Structure formats: C-alpha cells, structure tokens
Amino acid sequence: MGISAELLGWYDRHARVLPWRIPPGQGPADPYRVWLSEVMLQQTTVAAVKSYFERFTSLWPRVEDLAGAEDARVMAEWAGLGYYARARNLMACARAVAARGGFPRNRAGLAELPGIGPYTSAAISAIAFDHPETVVDGNVERVVSRLFAIETPLPASKPQIHALATDLTPNERPGDHAQAMMDLGATICTPRNPACGICPVSDPCQARRLGIAADLPRKAPKPEKPLRRGTVWIGLTDSGVLVETRPAKGLLGGTLAFPSTGWDGSDLAPPAEADWQELGLVRHVFTHFALDLTVMTARLTTVPERGRVVPLRDFSPLALPGLMRKAWSLARPETARPRSGVAMASRSRTPQG
DNA sequence: AATACGTGGCG
DNA sequence: TCGCCAAGTAT
C-alpha cells in the first residue's frame, strides 16, 4: 500500500530534530541513547525529556558509565521526571547490559531487561538495529485508529490496532517508519484538531473520509480520582534539613523526601518532637488520585526518630520529586527555583479546604 | 486484566 | 479551573 512510501517521504522532509535522533538515512543510532530516550519518553512529553536526556548523556555518555553511578545520584538526576520505577529499572538495566557486554540485539532479548516492555523493546530493535518490529505507542494507536476508522474504544481495540500496525510495517527502513508514525501522531494526527489538510496519508485515511478523525480513537471512560489527604514535616536545624529516602516500592519509591504520613488517611506521628507549625496546603494531582498535603515545619531541638539531617549546603530541592518541591517552596520559597529549561509550573498555591 | 505509578502543558 | 494527554511497564 502507498502509506509507507508517503509516510517515509514525509519523514525525510519533516523529521523532527531531537537530541536522541539520528536524521533519516544517517543511522545507525546508538542503542544506549535510543534506550535512554525511550525510557524517559514513556508517558512523558518530548519537551519534558529533552533537558534530562542532555544531562544524563553528559554525565554518563555510555551505558557502562551509568551502570557505575550511585543509586542516590541517579535518583536525584531523575527527580521531577516522574514514574520513579523507571529510574530504578534504568539502573538495574544498565548494570545488566554492562555485565553482558552490550545491549541484546533482538526484541526478545531486550524485553527481558527491567523497564523494557513491548513498546520499548520494539522501538530499540527497530530504531537502533533496523529490525522490522512493529512499534505501537499512543501516537500509533491514534494514527491507526483513524486510518482504519476503528470505532471500538481503547483499550479493547488494542489487539486490532496492533495487527493493522503490523501490516503497515515495512521491511525497508522499519526504524524510520516507526519514528515517522510517532512524529505524524505528535505533529499532525494530534489528539485534538488533527491537521488533516497537510497530512501525507489523508488520502487513504478512512476517518478523514468519514469526517470523524477528531473523534477517534474512542476511549473507555476513566474512573474518578479520589481526593486524599496527608501531612509532610519539614524539620530544620540551624544549617540542615530533615529528609529520608522513601521505600523502594510504591508511590515516589526510592526518592528523596521529607517525612510524611501515608496518603490514605493513615495516622503517622511526626518524625521528631518539636513545635510544629502549619505552613499551608499543597495540592498535587497524581495519575490515580489527587492529594491535599498539609505542610508542617519546625525548628528541630531533639534527635529525630525518622530520617536524617543533611546540611542545607548539600541540599538541593531539585533532587526532590515534584510534590516535595512544592512543599519545600512553602518553607523556603527563596531557594525553590525551577530547573533551568524545565518549566516547574506555577508556584504552589494554598487551595481552600 | 485491572490497577499503580508523576508531572506539566494545553484547550 | 479542570480534564485530557504524553514515545508504557510491572504486577
């Protein structure tokens, strides 16, 4: 079918310039950089990833360098990107790859590594090794849903989408084809207001013909997000601040944080006896719940029962996940500046209870 | 097969 | 203001 030729021609002319990408026809790409970028891009926008990718590859140019890095250092550099299991799997994967002397050069071998699932294994295989694997991400699901006017809502339509995407995958330049599909979804076949007028494959697109492109893909309704509440304690000494490393599993697992309660209403005592004062409220929206976090602060006069005091000189709020940065900005707004190049959103508000 | 898992930008 | 969405994976 003509889709592949049209798509690749468009990609040759319009491929986005990205830090991890080799321009079309100039491959092959470095599997380390492909892997790192693909993991960072899981459920994360290109704009958010760029500066993190530059930073990681500057600090750790090869997978062996990353494999030799300390956990806390990697977690600090990942802070703010979200989905912190990715960072933990990143380290485990880097060490496994370094130990075996390089990345597996096929999809099945890649898929055995931590943090590499169906999408990422196919993407690395296609982009770094030019294997004709079918790469299906959210962009491709949308593009295919529209090309074939699939009315079945996601996620039920996933098997059908994957089968059709497989039919579209060419044996020539499969890596460029995969990137072209994703670029098309990101720049033209967008979720809202798709630019069908300049789309290279509008001619064979069934949704376009039917006038329902913007309505696809249909999606199953999402469950409501409950509102949860919690408390965080920011304990200060003359020159230090009380922090702890969160347990490796669960929400914000393995990140640096201020001691807090759970988010399920579970009562937990403050980490130290002190004259705790309420600073305000931080609202944060996670994937599956919203959180109203009460921020407490105190001058520490007793030895804390939890956590450790780190010198303020060695403390950067940039090493904290976003939620904890918001809390910190209430305690020490003058030191809570955004990471350059990464919009750290607005200043924290204090929503009314 | 559902559910857990972050964050920021956009309309 | 608010819901949607972003190059998904693990369990």
Side-chain angles (χ1 to χ4, degrees), chain A residues 16 18-21 34-53 75 78-90 92-93 110-124 126-127 134-143 154-156 158-159 175 178-187 190-193 214 217 219-228 246 248-255 257 263-264 283-291 320-326 338-339 341-346 348-349 351-352:
Chain A
R16 283 189 294 174
L18 301 170
W20 46 85
R21 174 175 285 175
V34 174
W35 162 72
L36 180 61
S37 65
E38 291 299 345
V39 172
M40 287 182 166
L41 286 162
Q42 290 167 6
Q43 297 289 284
T44 309
T45 57
V46 165
V49 164
K50 274 182 178 164
S51 64
Y52 284 85
F53 180 83
M75 291 306 296
W78 194 275
L81 245 200
Y83 285 140
Y84 297 95
R86 292 185 296 172
R88 289 179 264 121
N89 286 329
L90 193 78
C93 184
L110 290 162
E112 291 177 10
L113 293 166
I116 300 185
Y119 163 78
T120 306
S121 59
I124 298 172
I127 296 169
T134 300
V135 180
V136 182
D137 72 335
N139 288 306
V140 176
E141 286 180 346
R142 185 170 57 256
V143 169
L154 285 167
K158 278 175 183 277
Q179 295 177 93
M181 289 284 281
M182 294 190 282
D183 267 22
L184 186 72
T187 63
T190 51
R192 287 172 291 210
N193 306 317
K219 300 204 171 183
K222 298 187 174 162
E224 283 185 20
K225 285 182 186 179
L227 176 63
R228 298 183 184 171
R246 293 179 59 84
K249 298 206 170 189
L251 193 72
L252 307 179
T255 64
W263 318 128
D264 46 16
R283 177 161 293 173
H284 195 75
V285 181
F286 293 104
T287 306
H288 52 298
F289 69 95
L291 176 67
L320 302 170
L323 170 68
M324 295 294 161
R325 288 184 195 176
K326 285 186 186 177
R339 184 191 289 261
V342 177
M344 203 31 223
S346 47
S348 298
R349 297 155 311 229
Q352 344 275 12

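Just so we're on the same page: letters track the sequence lines, and every chain starts at 1. Just so it is clear, the structure is predicted and the values come from calculations on it, not from any experiment.
One atom, CE of Met40(A), and another, P of dC5(B), lie 22 Å apart when rounded to the nearest Å. Rounded to an integer number of Å, the gap from CH2 of Trp263(A) to P of dT3(B) is 23 Å. When rounded to the nearest whole Å, the span between CG of Leu154(A) and C1' of dA2(B) equals 16 Å. A straight line from CZ of Arg88(A) to P of dC5(B) spans 10 Å, rounded to a whole angstrom. Atoms CZ (Arg21(A)) and C1' (dA7(C)) sit 10 Å apart, rounded to a whole Å. Distance CH2 (Trp78(A)) to P (dC5(B)): 17 Å, rounded to an integer number of Å. Per the geometry, CD1 belonging to Ile116(A) stands 14 Å off C1' belonging to dA10(C), to the nearest Å. Computed from coordinates, the Arg325(A) CZ to dT7(B) P distance equals 8 Å when rounded to whole Å.
With no hydrogens or angles considered, no side-chain donor-acceptor pair links Thr44(A) and Tyr52(A) at under 3.5 Å. Side-chain polar atoms of Glu38(A) and Tyr119(A) form a donor-acceptor pair below 3.5 angstrom. Neither side chain, Asn89(A) nor Arg86(A), offers a donor N or O lying under 3.5 Å from an acceptor on the other.
Residue Pro114(A) is in sugar-phosphate contact alone, with no base atom involved, counting any heavy-atom pair closer than 4.0 Å across all strands shown. As judged by a 4.0 angstrom heavy-atom cut-off over every strand, Leu291(A) is placed among residues making no nucleic acid contact. Within 4.0 Å (heavy atoms only), Pro118(A) reaches sugar-phosphate atoms of the nucleic acid but no base atom. Among the atoms of the strands shown, base atoms are found under 4.0 Å from some heavy atom of Trp20(A). Residue Gly253(A) is out of contact with every strand shown, counting any heavy-atom pair closer than 4.0 Å. Note on Val285(A): a base of the nucleic acid sits closer than 4.0 angstrom, heavy atoms only. Nucleic acid contact class of Leu81(A) (heavy atoms, under 4.0 Å, all strands): base.
Contact annotation: His288(A) reaches the phosphate of dC5(B) (side-chain N/O to OP1 or OP2, under 4.0 Å). Residue His284(A) has no polar side-chain atom (N or O) positioned under 4.0 Å from OP1 or OP2 of dG6(B).
Along DNA chain C, the nucleotide nearest Asn89(A) and the nucleotide nearest Leu18(A) are compared for position; the residue whose nucleotide lies closer to the 5' end is Leu18(A). Nearest-nucleotide positions on DNA chain B place Arg228(A) closer to the 5' end than the other of Arg228(A) and Leu323(A).
Listed nucleotides: dA10(C), dG6(B), dT7(B). Nearest to the side chain of Leu251(A): dG6(B). For Gln42(A), taking side-chain heavy atoms from C-beta onward, the closest of the listed nucleotides dA7(C), dT9(C), dT7(B) is dT9(C). With dT7(B), dT9(C), dA4(B) as the candidates, the nucleotide lying closest to the side chain of Thr120(A) is dT9(C).
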Please assess Val135(A) against Met182(A) for the test side chain to side chain contact (heavy atoms under 4.5 Å, CB included), listing each intermediate value before the final yes or no.
CA-CA 9 Å; Val135(A) 180; Met182(A) 294 190 282; 4.2 Å; yes
Please evaluate residues Leu251(A) and Tyr84(A) with respect to the criterion side chain to side chain contact (heavy atoms under 4.5 Å, CB included), reporting the C-alpha separation (whole Å), side-chain torsions for both, the decisive distance (0.1 Å), and the verdict.
CA-CA 8 Å; Leu251(A) 193 72; Tyr84(A) 297 95; over 6 Å; no
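Residues passing the salt bridge (Lys or Arg N to Asp or Glu O under 4.0 Å) test with Arg16(A) are Asp183(A), sequence neighbours excluded. Considering only residues two or more places apart in sequence or on other chains, Lys158(A) meets the salt bridge (Lys or Arg N to Asp or Glu O under 4.0 Å) condition with Glu141(A).
Nucleotides dA7(C) and dT3(B) are separated by 22 Å at their C1' atoms, to the nearest Å. Taking the P atom of each, dT11(C) and dG6(B) are spaced 14 Å apart, rounded to whole Å.
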Would you list the protein and nucleotides 2-6 of chain C atom pairs, both N or O, that sit under 3.5 Å from each other?
{"unit_1": "dA6(C)", "atom_1": "OP1", "unit_2": "Arg142(A)", "atom_2": "NH1", "d": "2.4"}

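Between Phe286(A) and His284(A), the ring planes lie perpendicular to each other; the angle is over 60°, past the 30° to 60° tilted range.
Between Leu291(A) and Leu227(A) the shortest side-chain heavy-atom distance does not fall below 4.5 Å.
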